[in-house]
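Predicted model only: the values in this text are computed from it and were never measured. Protein chains get the first letters and strands the later ones, always in sequence-line order, with residue 1 at the start of each.
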Amino acid sequence: AQSVTQLGSHVSVSEGALVLLRCNYSSSVPPYLFWYVQYPNQGLQLLLKYTSAATLVKGINGFEAEFKKSETSFHLTKPSAHMSDAAEYFCAVRPFGNEKLTFGTGTRLTIIP
Amino acid sequence: DGGITQSPKYLFRKEGQNVTLSCEQNLNHDAMYWYRQDPGQGLRLIYYSQIVNDFQKGDIAEGYSVSREKKESFPLTVTSAQKNPTAFYLCASSSQGRLNTEAFFGQGTRLTVV
């Protein structure tokens, strides 16, 4: 079964510092991969997605992620954190040819002024 | 505007009652999903549907039921068999194209058992 593991349920970074949120997937073949962001009491918004077109994916709000097949990873990064980045971030996986979309347990990002 | 509408935003249920959460989409998506969100547990898949009149159990389907009679609608019923129904419920939909694979989410329904 497809699954994703997000290392670190809480991450704190200083404003202006690098943001790194980790996601590893388990799959025998590369699946579709996604990063979503959630603000309190709201739905999820797509940040970026990997669909095998390119290993380095750029998303909204300055975020990007790199697909590394050898490491089965899809970590999310942003060079310089902003206060507005404080939210919960979810990594998700969907097998190719299947509609089952599975999420990780999430990482809450706190930005320190 | 296209999107997904969940209603109500807040719902209170007495123990032993069934309640139905509404989810409607006008994105012409084939696939629809229901997730339950609890603090520290991420989103757990309850049910999903890839086509009208067909749906599959997710990871935590016990105590829930769904129907998919129309492409636009995927209501979720939380039955009295669900022992701990208090949670935030999210509905989503997606197309089945190779490139447009992402799911779009509604704003959620917060269910509280009183």
Which value, rounded to the nearest 0.5 Å, describes the distance between [X] atom [atom1] and [Y] atom [atom2]?
| X | Y | atom1 | atom2 | value |
| --- | --- | --- | --- | --- |
| Phe104(B) | Gln45(A) | CZ | CD | 10.5 Å |
| Glu102(B) | Tyr32(A) | CD | OH | 11.0 Å |
| Gln107(B) | Asn41(A) | CD | CG | 10.0 Å |

Report task. Please list, in residue-number order, every residue in residues 12-20 of chain A that has a heavy atom less than 4.5 Å from any heavy atom of chain B; write 'none' if there are none. Result -> none
Hydrophobic clusters here meaning ILVMFWY residues chained together by side-chain heavy-atom distances under 4.5 Å, can you tell me if [X] and [Y] are in one?
| X | Y | value |
| --- | --- | --- |
| Val4(A) | Phe103(A) | no |
| Phe74(A) | Leu47(A) | yes |
| Tyr36(A) | Ile60(A) | no |
| Trp35(A) | Leu56(A) | no |
| Val19(B) | Tyr10(B) | no |

Query raised in the report: With a cut-off of 6.0 Å (strictly less than), are more than 12 heavy atoms of other residues, nucleotides or ligands near CZ of Arg22(A)?
Result: no
**Report entry** Heavy-atom neighbours of Lys9(B) NZ exceed 12 at 6.0 Å
**Finding:** yes
Please name the pair of heavy atoms, one in [X] and one in [Y], separated by the smallest distance, quoted to 0.1 Å.
| X | Y | result |
| --- | --- | --- |
| Ala103(B) | Leu101(A) | CB-CD2, 3.5 Å |
| Ser94(B) | Arg94(A) | OG-NH1, 4.3 Å |
| Phe88(B) | Gln38(A) | CE2-NE2, 3.8 Å |

Query - Contacting region of Leu46(A) [heavy-atom separation from chain B under 4.5 Å] - result: side chain
Query raised in the report: Which atoms of Gln6(A) come close to chain B, meaning under 4.5 Å heavy atom to heavy atom: side chain ones, backbone ones, both, or neither?
Result: neither
Query raised in the report: Which members of residues 33-62 of chain B, sorted by number, sit under 4.5 angstrom from chain A on a heavy-atom basis?
Result: Tyr33(B), Tyr35(B), Gln37(B), Gly40(B), Gln41(B), Gly42(B), Leu43(B), Leu45(B), Tyr48(B), Gln50(B), Asp59(B)
Query raised in the report: In terms of heavy-atom proximity below 4.5 Å to chain A, should Ala31(B) be classed as side chain, backbone, both, or neither?
Result: side chain
